[in-house]
Amino acid sequence: MPLKIILAFLIRDFKIEKAYRLHFLVKLATVGFQFAVFFFLGKMVNENYFPFVFTGLLFSKIFEFTLSGITDSIRQEQHWGTLESLLLCPKGHQRILFSMFASKTVLFFFEFLAYILIGVFFFGISLSLLKIFYLVLFWLVVIFSFYGLGLLNASYVLVFKRGDPAGWLISTLTDLLSGVYFPSNLLPLWLVKISYLLPTTYALAFIRQLLFDGTLNPGYLLIVFFSGFILYIAGTACLKLALNSCKKNGTLGSY
Amino acid sequence: MISIKNLSKTFGTKKVLADINIDIEKGAIVALTGPNGAGKTTLLKILSCLILPSIGTAEINGVNCITNRTSCLKNTGIALNSEYGFYAQLTVKENLQFFCRLYETDCTKIAEMLELLSLAEFKNTKFLFCSAGTKQKLTLARALIKNPAVILIDELSKSLDNTSAENIYNILKNINSINNTTILFVTHNINEILNLSTHYFILKEGTIISEGKTDAVKNNPGFFNP
């Protein structure tokens, strides 16, 4: 674990975030408003809907972060003109990018906790300390399992620069098919079959069963870990190719 | 110390460097000059492992920069574009601290480095508010703080006033004479070539059109305007 490098990024990121305090508050407010929409929608549907969608939204936030975390970091460094300076560090590229992501992950953890607290204090979500602990573990599982997907997304952005349609598509499909806003079995049968192919469906089913039914389904967790492993191998290979392509074209620092 | 063999670089259909061969001995201070678009920065970026050559090899201290990036960068201090490359919201000192931690070099030398490059009075100034000259010095400080065996510098005295430039030349000469550090710098400034370098290479349209000892052409500065 490149702990020293992660710590370097963490100190840097914390100092930079301090300069943009309002940004964090605006982000929390946006999520609060999003929760509010579903809270009132839940009043129209039934009382179980908001806890259901709250879990879905939390998952969606973690997934979105994992998917775009590395991409956003790379873009930000390119925008600031600092990516080349970072890559002059005598450490492996993957190690530098992982450290960048790990630092952002630590900061995101506090954001994630704030989301849970907003749900508990403003929208009456009932969560025991044990369930909050489960959610934190779930946060870790999702981030590590879908890190490879983030690498794939970052590879796309490094090579094609503009836009992030791959990330957007994956994110939207996940929201639609994996049961973020509604149970997947409400979908037409052919879409239900597709949803079974997505590891995100199992991740969400796992946490909902754990939180609402108190049952642990290790089979679902295995599917998530296994797909995470495959995604990681694919992601690291693609990132290596993408970095080489940028170095050949001399476009590492451009966006 | 720096060895470039049969190196060419093509971007798309544009040949930027063609069959470059350079050998720089340990302890030499070498100026790389030539008109805009000659390929100087591309060559420096290849040595910095930021661009891959199309063919050929580049070695620093016997280490191949193309196949062994991390070892190559370990003992190389690199000062590229000074306008960017630092964090606007961090101060001069915070920026240096970050890169020291990242490069895993001794952070206790920061104060000494700030003093050496006359940056101490700006240590708490955010990079955003630094002058171009301060930014240039900071770029150099980041390269020097590693105490590297080789220093690569792009546009050394860009944005520096004459006094600061002279000061930097003296610092580099000092480092060179104490540690026998090899220095390769890209420049358009004839004064800089004459005052600082021991050897020169002139690059034009991707090929080396002239090379030699600076002393041999010292009385003919017009020589550097190909």
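Heavy atoms only: backbone and side chains are in, while hydrogens, waters and symmetry mates are out. So that the names make sense, note that chain A is the first sequence line, chain B the second, and so on, each numbered from 1.
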task = Flag the pair A:Leu88 / B:Phe99 as yes when at least one side-chain heavy-atom distance between them is below 4.5 Å, and no otherwise.
result = no
message = For a quick test of reading the model, state the closest non-hydrogen atom pair linking B:Arg69 to A:Leu87 and the distance between them.
response = NH2-O, 2.7 Å
task = Tell me the residues of residues 11-20 of chain A whose non-hydrogen atoms fall below 4.5 Å from those of chain B, in number order.
result = A:Ile11, A:Arg12, A:Lys15, A:Ile16, A:Ala19, A:Tyr20
ask   = Above 12 or not: heavy atoms from other molecules or residues under 6.0 Å from CG of A:Leu129?
value = no
inquiry  = If I measure from the heavy atoms of chain B, does A:Leu252 come under 4.5 Å with its side chain, its backbone, both, or neither?
reply    = side chain
task = Return yes when atom OH of B:Tyr169 has more than 12 non-hydrogen atoms of other residues, nucleotides or ligands closer than 6.0 Å, and no otherwise.
result = yes
key: B:Lys74 side, atom NZ; A:Lys91 side, atom NZ - distance, nearest 0.5 Å   = 6.0 Å
key: Contacts with chain A made by residues 47-68 of chain B (heavy-atom distance under 4.5 Å), listed by residue number   = B:Ser48, B:Cys49, B:Leu50, B:Ile51, B:Leu52
inquiry  = With chain B as the partner, which of A:Gly81, A:Cys89, A:Gly92 has the greatest number of non-hydrogen pairs under 4.5 Å?
reply    = A:Cys89
query = Are side-chain heavy atoms of A:Thr251 and B:Phe11 found at a separation under 4.5 Å?
reply = no
inquiry  = A quick test of your reading: do over 12 heavy atoms of other residues, nucleotides or ligands sit less than 6.0 Å from NZ of B:Lys93?
reply    = no
query = Which bit of A:Leu243 comes within less than 4.5 Å of chain B, counting heavy atoms only: side chain, backbone, both or neither?
reply = neither
request  = Sequence neighbours left out, what passes salt bridge (Lys or Arg N to Asp or Glu O under 4.0 Å) with A:Lys27? Give chain and number order.
outcome  = A:Glu111
request  = Walk me through it: do B:Phe86 and A:Ser85 pass the test side-chain contact (heavy atoms from CB on, under 4.5 Å)?
outcome  = CA-CA 8 Å; B:Phe86 289 95; A:Ser85 300; over 6 Å; no
key: Rounded distance (nearest 0.5 Å) linking atom OH of B:Tyr87 with atom CD of A:Gln76   = 8.5 Å
remark   = Residues of residues 101-111 of chain B with a heavy atom under 4.5 Å from any heavy atom of chain A, in residue-number order, are B:Arg101, B:Leu102, B:Tyr103, B:Glu104
message = Counting only heavy atoms not in B:Lys173 (residues, nucleotides, ligands), do more than 12 fall under 6.0 Å from its NZ?
response = yes
ask   = Short question: side chain of A:Thr82, backbone of B:Gly85 - any donor-acceptor pair under 3.5 Å?
value = no
key: Under 3.5 Å: donor-acceptor pair, side chain of B:Lys45, backbone of A:Lys247   = no
inquiry  = Counting only heavy atoms not in B:Glu205 (residues, nucleotides, ligands), do more than 12 fall under 6.0 Å from its CD?
reply    = no
